[in-house]
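The structure appears below as structure tokens.
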Amino acid sequence: MSYLLFFDSGLGGLSVLREAIRQHPEENYIYVADNLNMPYGDRTLDEVRDLTLDIIKRMTEKYDIRAITVACNTATSAAISDLRDIYKSIPVIGIEPAVKPAAEQHPGGHIGVMATKMTLREKKFRDLLARYAHMANITPIPCPGLVDFVEKGILEGPELEEFLSRIFSEYDFEFDCLVLGCTHYPFVKAAIEKASGCSNIIDGALGTVNNLFRQLGIPKNTEMPDYEKFGDIIFYNTKDILTFDYDACRLLYS
Ligand code: DGL
């Protein structure tokens, strides 16, 4: 049996996997979380690249993998070109902050890009910024610590709202659009909207999944997917948390 592999440092990549399942529930998926070594956003580029390459290597040796989706902005900036060099015969899809659609939809506006420190520091993002800086005022918003809320299952409530309000209090202007440049953040979108007062919030999950199926030559589902024909979903986590499948399913089908 062949699988579509999704990888993230933790639970965040499920925001991308859920979009894939919504479109093609009949496919077989493997989701791997390197929760032993997370958060990736606080690590060095070399560390994240080595961790990513190691996990993908182990999974591709064990399973017949038809495509790799790095459902993590941080790991994409660290490892995507090495992965594409190594796995030439299958699609290797990365995710990057959805700055392009944000700039196109809000020309001249204030766009905030929420992401990990590493994503915002790396060349991939700086190049992206340079490409769209003439179209809008783009502000990187590092959010160290936000990933931990999602990992702990705190998706709403006063503690999270206070944390987010502190982040937005740094800026003395309103954002016209916020880009969620970390795959964990869509799970706390409602709290982000509440704390920022901005309701135009976009993430890269749909674009990434569309790219995956396009590269695989799998046509877009124009009708309601047949949920009677579910494929397999296998979950792995490097910390060996026994309740991981349960936590993952809760987020996937929330
Ligand atoms: N989910 C990851 C991303 O999209 C980051 C989480 C982490 O810092 O480990 O960047």
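Since we're looking at a predicted model, the values are computed, not measured. Basis for what follows: all heavy atoms, side chains included, without hydrogens, waters or symmetry-related copies. Counting starts at 1 for both ligands and their atoms, in listed order.
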Original post:
Considering only heavy atoms, which of Pro39, Ser9, Ser77 lies nearest to atom 6 (C) of ligand 1?
Top reply: Ser9
Original post:
Should the proximity of Thr116 to ligand 1, defined as any heavy atom under 4.0 Å, be assigned to the side chain, the backbone, both, or neither?
Top reply: side chain
Original post:
Out of curiosity, is Cys72 lining ligand 1, as in a heavy atom under 4.0 Å away?
Top reply: yes
Subject >> Which residue and heavy atom of the protein sit nearest atom 10 (O) of ligand 1, plus the separation >> reply: Thr74 OG1, 2.6 Å
Original post:
Do Phe187 and Tyr185 have their ring centres less than 6.0 Å from each other?
Top reply: no
Original post:
ligand 1 versus Asp42, non-hydrogen atoms closer than 4.0 Å: side chain, backbone, both, neither?
Top reply: neither
Original post:
Taking non-hydrogen atoms only, is Asn73 closer than 4.0 angstrom to ligand 1 via side chain, backbone, both or neither?
Top reply: both
**OP:** Give the atoms of ligand 1, by number and element, whose distance to some non-hydrogen atom of Asp8 is under 4.0 Å.
**Re:** 1 (N), 2 (C)
**OP:** For Val147, counting its heavy atoms only, list the atoms of ligand 1 lying under 4.0 Å from any of them.
**Re:** 6 (C)
Subject >> Check: Asn35 main-chain N/O paired with Thr238 side-chain donor or acceptor under 3.5 Å >> reply: yes
**OP:** For Ile111 and Val99, run side-chain contact (heavy atoms from CB on, under 4.5 Å): C-alpha distance rounded to whole Å, both residues' side-chain angles, the deciding distance at 0.1 Å, then the answer.
**Re:** CA-CA 8 Å; Ile111 295 169; Val99 171; 5.9 Å; no
Original post:
Is the closest side-chain heavy-atom distance between Met114 and Leu146 below 4.5 Å?
Top reply: yes
**OP:** Decide, yes or no, whether a salt bridge links Arg58 with Asp54 under the criterion of side-chain N to carboxylate O below 4.0 Å.
**Re:** yes
Subject >> Side-chain hydrophobic cluster, 4.5 Å single linkage: members besides Tyr246 >> reply: none
Subject >> N-O pairing of Lys189 and Glu193 below 4.0 Å >> reply: no
Original post:
Looking only at protein heavy atoms, which one is nearest to atom 8 (O) of ligand 1, and how far off is it?
Top reply: Gly41 N, 2.8 Å
